[in-house]
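Taking it in order: structure first as structure tokens, then the write-up.
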Amino acid sequence: MITASLIENITYKDNGPAISVLLQTKTSKEIRIVMKKGQLMKEHKAPFPIVVQVFEGAIDFGVSGTKKTLKKGDLIALDENVPHDLTCIENCIVRLSISHMDTADRVKNIVK
């Protein structure tokens with residue numbers, strides 16, 4: 001059994017999103033992205049399918065040039081290699097589910 005918390009030890013960074021791996025299973029990695037209003041993750045692609053859940057707050061989620069506002073409780077799934085970006089419109093906690101074959105470093109490098 002593996003446990004983790006989306007709400008413990010939250011740190012909002014001034015210089016960009018805070019990204020941390022919460023847990024890893026045989027099939028996925030669960031990543032927490034904590035963002036302040038106005039922070040963003042530039043357009044990028046994931047090499048495997050992903051699921052994004054807004055746990056708290058709100059984001060504008062861009063997919064191939066189209067923006068969709070996601071708020072607390074919303075989820076979105078994308079296939080691999082779909083261009084997307086995130087802009088925080090209300091301080092937020094986002095859960096990102098990625099393949100165990102993907103790397104957390106790839107996600108962290110998006111904000112650099």
Side-chain angles (χ1 to χ4, degrees):
M1 174 175 35
I2 305 169
T3 62
S5 173
L6 282 167
I7 59 173
E8 289 180 4
N9 303 313
I10 297 293
T11 301
Y12 288 90
K13 294 174 142 184
D14 289 330
N15 61 344
I19 297 170
S20 56
V21 177
L22 294 176
L23 59 86
Q24 182 171 337
T25 71
K26 291 180 183 180
T27 59
S28 71
K29 291 178 182 137
E30 303 302 325
I31 296 174
R32 178 178 61 201
I33 303 169
V34 178
M35 302 170 73
K36 286 184 176 183
K37 181 178 180 176
Q39 292 179 335
L40 58 95
M41 295 180 74
K42 63 187 176 191
E43 186 176 76
H44 58 283
K45 299 177 186 177
F48 302 96
I50 62 169
V51 176
V52 175
Q53 174 194 7
V54 178
F55 182 77
E56 191 66 55
I59 59 173
D60 277 339
F61 193 89
V63 179
S64 301
T66 301
K67 296 280 184 196
K68 176 163 180 59
T69 299
L70 301 176
K71 59 189 181 328
K72 182 177 181 174
D74 289 342
L75 294 110
I76 190 166
L78 295 180
D79 286 331
E80 67 279 0
N81 298 314
V82 175
H84 59 282
D85 61 84
L86 291 79
T87 302
C88 182
I89 57 175
E90 181 183 312
N91 287 0
C92 65
I93 300 169
V94 174
R95 176 182 164 199
L96 170 64
S97 299
I98 63 174
S99 168
H100 74 285
M101 295 183 288
D102 202 349
T103 67
D105 285 342
R106 180 192 62 79
V107 179
K108 291 176 182 178
N109 286 332
I110 294 165
V111 300
K112 292 183 178 177

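Numbers here simply count residues along the sequence, with the first being 1.
- When atom types are taken as modelled, the side chain of Asp85 and the backbone of Met41 share no donor-acceptor pair closer than 3.5 angstrom.
- Hydrophobic clustering places Val94 together with Ile76 (ILVMFWY residues linked when any side-chain heavy atoms are closer than 4.5 Å, directly or through intermediates).
- Residue-environment remark: CD1 (Ile7) stays at or below the threshold of 12 foreign heavy atoms within 6.0 Å.
- Placement of Ile59 and Ile33 within a single hydrophobic cluster is found when ILVMFWY residues are connected by side-chain heavy-atom separations under 4.5 Å, directly or transitively.
- The structure places CG of Asp105 at 10.5 Å from CD1 of Ile19, a figure rounded to the nearest 0.5 Å.
- Pairing each heavy atom of Asn81 with each of Pro47, the nearest pair is OD1-CA, 4.1 Å.
- Using a 4.0 Å cut-off between a side-chain N of Lys or Arg and a carboxylate O of Asp or Glu, Lys72 and Glu56 qualify as a salt bridge.
- Under a cut-off of 6.0 angstrom, the local environment of NZ in Lys67 is crowded, with over 12 non-hydrogen atoms contributed by other residues, nucleotides or ligands.
- In the displayed structure, Asn9 atom CG is contacted under 6.0 Å by at most 12 heavy atoms of other residues, nucleotides or ligands.
- Nearest heavy-atom pair, His44 versus Lys42, reported as atom, atom and distance to 0.1 Å: ND1-O, 2.6 Å.
- When each of Val54, Leu75, Leu6 is tested with Arg95 by the rule side-chain contact (heavy atoms from CB on, under 4.5 Å), just one qualifies, namely Leu6.
- Annotation: the span from Thr103 atom OG1 to Ile31 atom CD1 amounts to 8.0 Å, rounded to 0.5 Å.
- Linking Ile, Leu, Val, Met, Phe, Trp and Tyr whenever their side-chain heavy atoms come within less than 4.5 Å puts Leu96 and Leu78 in one cluster.
- Put simply, CD1 on Ile89 and NZ on Lys71 are 10.5 Å apart, with the number rounded to the nearest 0.5 Å.
- With Ser97 as reference, Glu30 is the one residue of Gln53, Lys29, Glu30 to meet the side chain to side chain donor-acceptor pair (under 3.5 Å) rule.
- His100 NE2 to Phe48 CZ: the interatomic distance, rounded to the nearest 0.5 Å, is 8.0 Å.
- Grouping the Ile, Leu, Val, Met, Phe, Trp and Tyr side chains by contacts below 4.5 angstrom, directly or via other members, places Leu23 apart from Ile93.
- Between Gln39 atom CD and Lys13 atom NZ the span is 9.5 Å, to the nearest 0.5 Å.
- Inter-residue side-chain proximity for Glu43 and His84 is flagged as unmet; no heavy-atom pair is nearer than 4.5 Å.
- None of Thr87, Asp60, Asp74 except one satisfies the side chain to side chain donor-acceptor pair (under 3.5 Å) rule with Thr69; the exception is Asp60.
- Both Val111 and Val52 are assigned to one and the same hydrophobic cluster, defined by single-linkage of ILVMFWY side chains at heavy-atom distances under 4.5 Å.
- Between Cys92 and Ala58, the shortest heavy-atom distance links the atoms CB-N, 3.9 Å.
- For Asp14, the salt bridge (Lys or Arg N to Asp or Glu O under 4.0 Å) partners two or more places apart in sequence, or in a different chain, are Lys36.
- Atom CG of Leu22 is separated from atom OG of Ser5 by 8.0 Å, given to the nearest 0.5 angstrom.
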